[in-house]
Enquirer: 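Can you keep this structure in mind? I'll have questions shortly.
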Amino acid sequence: MDTTAPFFWGSATASYQCEGAWQEGGKAESMWDRYLHENDLENGDVASDHYHRYREDIETMAKGGQNAYRFSLSWPRIIKNREGEVNEEGIAFYNSLIDTCHEFGVEPFVTIYHWDLPQYWEDEGGWLNEETAHAFEHYARVCFDRFGDRVRYWATFNEPKWFVMSGYLIGNYPPALQDPEKCAHAAFNVMYASALGVKAFRAGGYEGSIGIVHSFGPVDGVDDTLETKIAMRFADNYANNWILDTAATGELPIDLLTDLNRRFDLSYITPDKLQALREGTVDFLGLNYYSRVLVRPYTDGETQLVVNNSGSAFKGSQRVVIKGWFEQVLDDPNMQTTEWGTEIYPDGLRRGLIEVTRRYHLPIYITENGIGVAEDVSQGEVQDDYRIAFMKDHIAAIKAAQEAGADVGGYFVWSTFDLYSWKNGCRKRYGLVAVDFENGYTRTPKKSYRWYRDFIAGEQTGKPYQEEGQR
Ligand code: BG6
């Protein structure tokens with residue numbers, strides 16, 4: 001880790017979820033544009049209109065004491081076609097966004113791919129086609145060349161697990177497949193692409209560091225039996241190891257490979273690609289933490305993955321069973337959950353950070369953490385005390401892990417402002433700043449924004465922030 005860097009207190013967004021301007025500035029169509037339009041679903045055509053309002057948004061971050069902004073670049077905004085031609089208007093947009101960050105003293109943390117694959121690559125098979133991995137390498141190199149003089153922190157991919165599982169196994173994200181064999185293939189191609197991106201970064205001699213961002217789900221078991229231990233290992237391979245082991249050590253988990261090899265044709269995993277994985281290990285891990293994964297042993301039944309995209313969860317409205325491997329416990333009546341059925345469990349972050357440190361010895365950034373809630377933003381400042389409590393508890397967990405030796409260099413709230421939350425639409429709000437999607441996309445900071453600002457000021461002056469009443 002760069003020991004001269006301050007601790008980064010920031011927040012995060014992603015291109016498709018906030019930029020809008022889906023047809024402006026020479027941008028090509030993304031797979032999400034096509035999928036949502038074709039299925040007549042709520043889309044990010046305008047999203048938070050960040051494309052036109054990024055200056056106001058970055059200024060608001062800076063006024064809120066935040067010293068880092070994690071955002072992603074849109075591949076279809078930067079590369080016009082399969083031939084790899086660069087769209088100069090897209091480059092100009094991101095140049096201006098990056099320059100604005102620096103103008104306001106905000107460090108840009110750049111994710112190269114946050115799910116918006118150009119449709120021209122999806123038409124060729126998307127992540128099932130190895131050529132997409134090579135196209136990613138070209139795109140990443142363009143980003144390093146054009147922005148590398150002002151960007152010091154890069155991440156190749158955001159959450160391979162989430163977009164690969166949702167796109168190829170659950171089927172609720174494009175390309176909407178439910179095919180375990182294709183899922184394994186896409187997963188491998190994505191990790192291969194990530195390694196090619198890291199290798200290109202190193203070969204180019206760019207300054208700074210490069211990592212990968214993972215949707216981190218530390219695994220717990222319901223008890224201490226051998227059956228549960230085995231289920232936990234399967235769950236860990238499914239939820240974490242195929243990304244973290246591969247990106248951090250260059251090796252795919254061998255027991256996972258052995259199991260997959262019994263069922264599927266893995267002949268695409270060739271020695272040269274395994275070598276690329278070894279040569280493309282990351283400098284740091286970005287961990288997005290929303291919840292842990294609590295598992296019980298698998299008993300029977302088919303693979304079943306049910307997600308709640310509608311909110312107002314009742315216990316058991318989500319279900320994750322992987323045939324022969326494990327069952328995720330989501331129906332425990334004692335669990336504290338969000339409206340969307342995600343368990344709120346800060347201690348998972350503390351223990352998870354300690355475990356990741358023990359396994360990989362790499363610097364870590366918490367690249368996302370937040371709570372999605374349906375909120376009324378029409379009545380002035382949103383009084384989101386639940387979000388403040390959520391942040392406080394998770395920051396306390398990070399501090400406890402740091403005391404136990406975890407090397408954590410930053411914390412990014414998801415999200416900087418309200419944005420389009422994929423299949424949950426704009427109703428599921430995560431922002432520190434409210435966006436009134438119905439009334440001109442006006443921005444109004446929430447109570448949590450003020451709390452975060454005062455908390456950061458306390459951290460930076462060495463006088464920890466105290467709540468009113470505790471002073
Ligand atoms: C992470 C993603 O999975 O969690 C974000 O990186 C996403 O893009 C966030 O929006 C929250 O998930 P959701 O499904 O509630 O939007």
Enquirer: When you compare the side chain of Tyr449 with that of Lys63, does any pair of heavy atoms fall below 4.5 Å?
Expert: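 A side-chain contact exists here, since the closest heavy-atom pair is under 4.5 Å.
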Enquirer: Verify side-chain hydrogen bond (donor to acceptor under 3.5 Å, both in side chains) between Thr13 and Ser415, making sure each step is shown before the conclusion.
Expert: CA-CA 6 Å; Thr13 64; Ser415 49; over 6 Å; no
Enquirer: At their closest point, which heavy atom of Arg77 faces which heavy atom of Gly20, and how far apart are they?
Expert: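 Answer, listing the atom of Arg77 first, then Gly20: NH2-O, 3.1 Å.
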Enquirer: Is it true that Asn369 and Tyr411 share a donor-acceptor pair across their side chains at a distance under 3.5 Å?
Expert: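 Yes.
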Enquirer: Give me the atom names and distance for the closest heavy-atom approach of His52 to Ala21.
Expert: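 Answer, listing the atom of His52 first, then Ala21: CE1-CB, 4.3 Å.
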Enquirer: CG/Leu362 to CD1/Ile212 distance, rounded to the nearest 0.5 angstrom?
Expert: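 Taking CG in Leu362 and CD1 in Ile212, the distance rounds to 12.0 Å.
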Enquirer: Would you say that Tyr420 contacts Phe437 through its side chain, given a criterion of any heavy-atom pair below 4.5 Å between the two side chains?
Expert: no
Enquirer: Check Glu375 with Arg427, please: is the shortest side-chain N to carboxylate O separation under 4.0 Å?
Expert: no
Enquirer: Roughly how far apart are Glu343 CD and Thr337 OG1, rounded to 0.5 Å?
Expert: 8.5 Å
Enquirer: Return yes if some donor-acceptor pair links the side-chain N/O of Tyr360 with the main-chain N/O of Pro363 below 3.5 Å, else return no.
Expert: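 A pair under 3.5 Å: no.
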Enquirer: With heavy-atom distances below 4.5 Å as the criterion, would you say the side chains of Cys101 and Glu107 are in contact?
Expert: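 Answer no - side chains too far apart.
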Enquirer: Between Tyr69 and Ile58, is there a side-chain heavy-atom distance shorter than 4.5 Å?
Expert: yes
Enquirer: Picking from Asp384, Asp454, Asp385, what satisfies salt bridge (charged side-chain N to carboxylate O under 4.0 Å, His left out) with Lys447?
Expert: Asp385
Enquirer: Within a strict 4.5 Å, meaning less than it, do heavy atoms of the Phe216 and Val356 side chains meet?
Expert: yes
Enquirer: Before you tell me yes or no, could you show the steps for Arg202 and Asp283 under salt bridge (Lys or Arg N to Asp or Glu O under 4.0 Å), namely the whole-Å CA-CA distance, both residues' side-chain angles and the distance that decides it to 0.1 Å?
Expert: CA-CA 11 Å; Arg202 300 256 159 75; Asp283 298 319; 2.7 Å; yes
Enquirer: Are Phe188 and Trp242 an aromatic pair by the rule of ring centers under 6.0 Å?
Expert: no
Enquirer: Which atoms form the tightest heavy-atom contact between Pro253 and Asn237, and what is the distance?
Expert: CB-OD1, 3.6 Å
Enquirer: With rounding to the nearest 0.5 angstrom, report the CD1 to CZ distance, Ile344 to Arg292.
Expert: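 If we round to the nearest 0.5 Å, Ile344:CD1 and Arg292:CZ are 12.5 Å apart.
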Enquirer: Is it the case that the side chains of Ser15 and Asp116 hold a donor-acceptor pair, with the cut-off being a distance below 3.5 Å and no angle test?
Expert: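 Yes, a side-chain donor-acceptor pair sits under 3.5 Å.
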Enquirer: Would you call Arg150 and Pro108 a side-chain contact if the rule is heavy atoms closer than 4.5 Å?
Expert: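 A side-chain contact under 4.5 Å is absent here.
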Enquirer: Can Glu207 and Arg152 be counted as an ion pair, charged N to O under 4.0 angstrom?
Expert: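 Between Arg152 and Glu207 there is a salt bridge, with a charged N closer than 4.0 Å to a carboxylate O.
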Enquirer: Please walk me through it: do Asp33 and Ser30 pass side-chain hydrogen bond (donor to acceptor under 3.5 Å, both in side chains)?
Expert: CA-CA 5 Å; Asp33 293 322; Ser30 78; 3.2 Å; yes
Enquirer: Is there a donor-acceptor contact under 3.5 Å from the side chain of Gln402 to the main chain of Val408?
Expert: yes
Enquirer: Can you say whether the rings of Trp115 and Trp32 are parallel (under 30°), tilted (30 to 60°) or perpendicular (over 60°)?
Expert: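 Plane angle under 30°, so parallel.
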Enquirer: Does Asn158 form a side-chain hydrogen bond (donor to acceptor under 3.5 Å, both in side chains) with Asn288? I'd like the steps, not just the answer.
Expert: CA-CA 9 Å; Asn158 179 72; Asn288 294 350; 3.2 Å; yes
Enquirer: Asp259 side chain to Asp255 main-chain N or O, any donor-acceptor pair under 3.5 Å?
Expert: no
Enquirer: Strictly distance-based, threshold 3.5 Å: is any side-chain N or O of Thr416 a donor or acceptor partner for the main-chain N or O of Ala12?
Expert: yes
Enquirer: Strictly under 6.0 Å, is that where the ring centroids of Tyr113 and Phe163 end up?
Expert: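 Yes, close enough.
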Enquirer: Roughly how far, to the nearest 0.5 Å, is CD of Glu19 from OG of Ser48?
Expert: 10.0 Å
Enquirer: Does CG in Asp224 sit with more than 12 non-hydrogen atoms of other residues, nucleotides or ligands closer than 6.0 Å?
Expert: no
Enquirer: Quick one: salt bridge (charged side-chain N to carboxylate O under 4.0 Å, His left out) partners of Arg351, sequence neighbours excluded?
Expert: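 Expected list: Asp220, Asp347.
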Enquirer: Does Glu59 come within less than 4.0 Å of Arg55, counting only side-chain N to carboxylate O?
Expert: no
Enquirer: Are Arg53 and Asp57 close enough for a salt bridge, meaning some N to O gap below 4.0 Å?
Expert: no
Enquirer: With ring-ring contact (aromatic ring centres under 6.0 Å, His included) as the test, pick out the partner of Phe412 among Phe109, Phe7, Tyr153, Tyr365.
Expert: Phe109
Enquirer: Can a salt bridge be assigned to the pair Lys199 and Glu279 using a cut-off of 4.0 Å between side-chain N and carboxylate O?
Expert: yes
Enquirer: How close do Gln17 and Ser421 get, heavy atom to heavy atom, and via which atoms?
Expert: NE2-CA, 3.9 Å
Enquirer: Are there over 12 heavy-atom neighbours, none belonging to Lys182, within less than 6.0 Å of that residue's NZ?
Expert: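 No, the 6.0 Å shell around NZ holds no more than 12 heavy atoms from other groups.
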Enquirer: For Phe326 together with Tyr238, are the ring centres under 6.0 Å from each other?
Expert: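 Centroid separation for Tyr238 and Phe326: below 6.0 Å.
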Enquirer: Could you walk me through whether Ile364 and Leu353 satisfy the side-chain contact (heavy atoms from CB on, under 4.5 Å) test, starting with their C-alpha distance in whole Å, then the side-chain angles of each, then the deciding distance to 0.1 Å, before giving a yes or no?
Expert: CA-CA 8 Å; Ile364 298 167; Leu353 281 171; 3.8 Å; yes
Enquirer: Tell me whether the rings of Tyr54 and His50 are parallel (<30°), tilted (30 to 60°) or perpendicular (>60°).
Expert: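 Geometry flag for His50 against Tyr54: perpendicular rings.
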Enquirer: How about Phe136 and Phe157: are their ring centres within less than 6.0 Å of each other?
Expert: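 Ring centroids of Phe136 and Phe157 are less than 6.0 Å from each other.
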Enquirer: Taking the ring centre of each residue, are His114 and Tyr16 less than 6.0 Å apart?
Expert: no
Enquirer: Looking at Tyr139 versus Trp75, is the centre-to-centre ring distance below 6.0 Å?
Expert: yes
Enquirer: Arg359 and Asn241: side-chain hydrogen bond (donor to acceptor under 3.5 Å, both in side chains), yes or no, with the steps?
Expert: CA-CA 11 Å; Arg359 289 191 197 176; Asn241 302 341; 3.0 Å; yes
Enquirer: I'd like to know whether Lys399 forms a salt bridge (Lys or Arg N to Asp or Glu O under 4.0 Å) with Glu459, so could you lay out the CA-CA distance, the side-chain angles of the two residues, the decisive distance to 0.1 Å, and finally the verdict.
Expert: CA-CA 12 Å; Lys399 287 181 179 256; Glu459 291 294 301; 2.7 Å; yes
Enquirer: Looking at CG of Leu432 and CD of Gln66, how far apart are the two atoms once the value is rounded to the nearest 0.5 Å?
Expert: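 Answer for the CG-CD pair, Leu432 versus Gln66, is 6.0 Å.
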Enquirer: Which atoms form the tightest heavy-atom contact between Gly10 and Tyr452, and what is the distance?
Expert: O-OH, 2.9 Å
Enquirer: Within a strict 4.5 Å, meaning less than it, do heavy atoms of the Asp245 and Asn240 side chains meet?
Expert: no
Enquirer: Would you call Lys423 and Glu42 a salt bridge, using N to O less than 4.0 angstrom?
Expert: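 Salt bridge: no.
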Enquirer: Rounded to the nearest 0.5 Å, how far apart are NE2 of His394 and OH of Tyr290?
Expert: 10.5 Å
Enquirer: Can you give me the closest heavy-atom contact between Thr281 and Val198, atom names plus distance?
Expert: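 In this case the closest contact between Thr281 and Val198 is O-CG1, 3.3 Å.
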Enquirer: I'd like to know if Lys446 pairs up with Glu381 as an ion pair, taking the criterion as any Lys NZ or Arg NE/NH1/NH2 lying under 4.0 Å from an Asp or Glu carboxylate oxygen.
Expert: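 No, no charged N to carboxylate O under 4.0 Å.
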Enquirer: Any salt bridge between Glu368 and Arg70, counting N to O under 4.0 Å?
Expert: yes
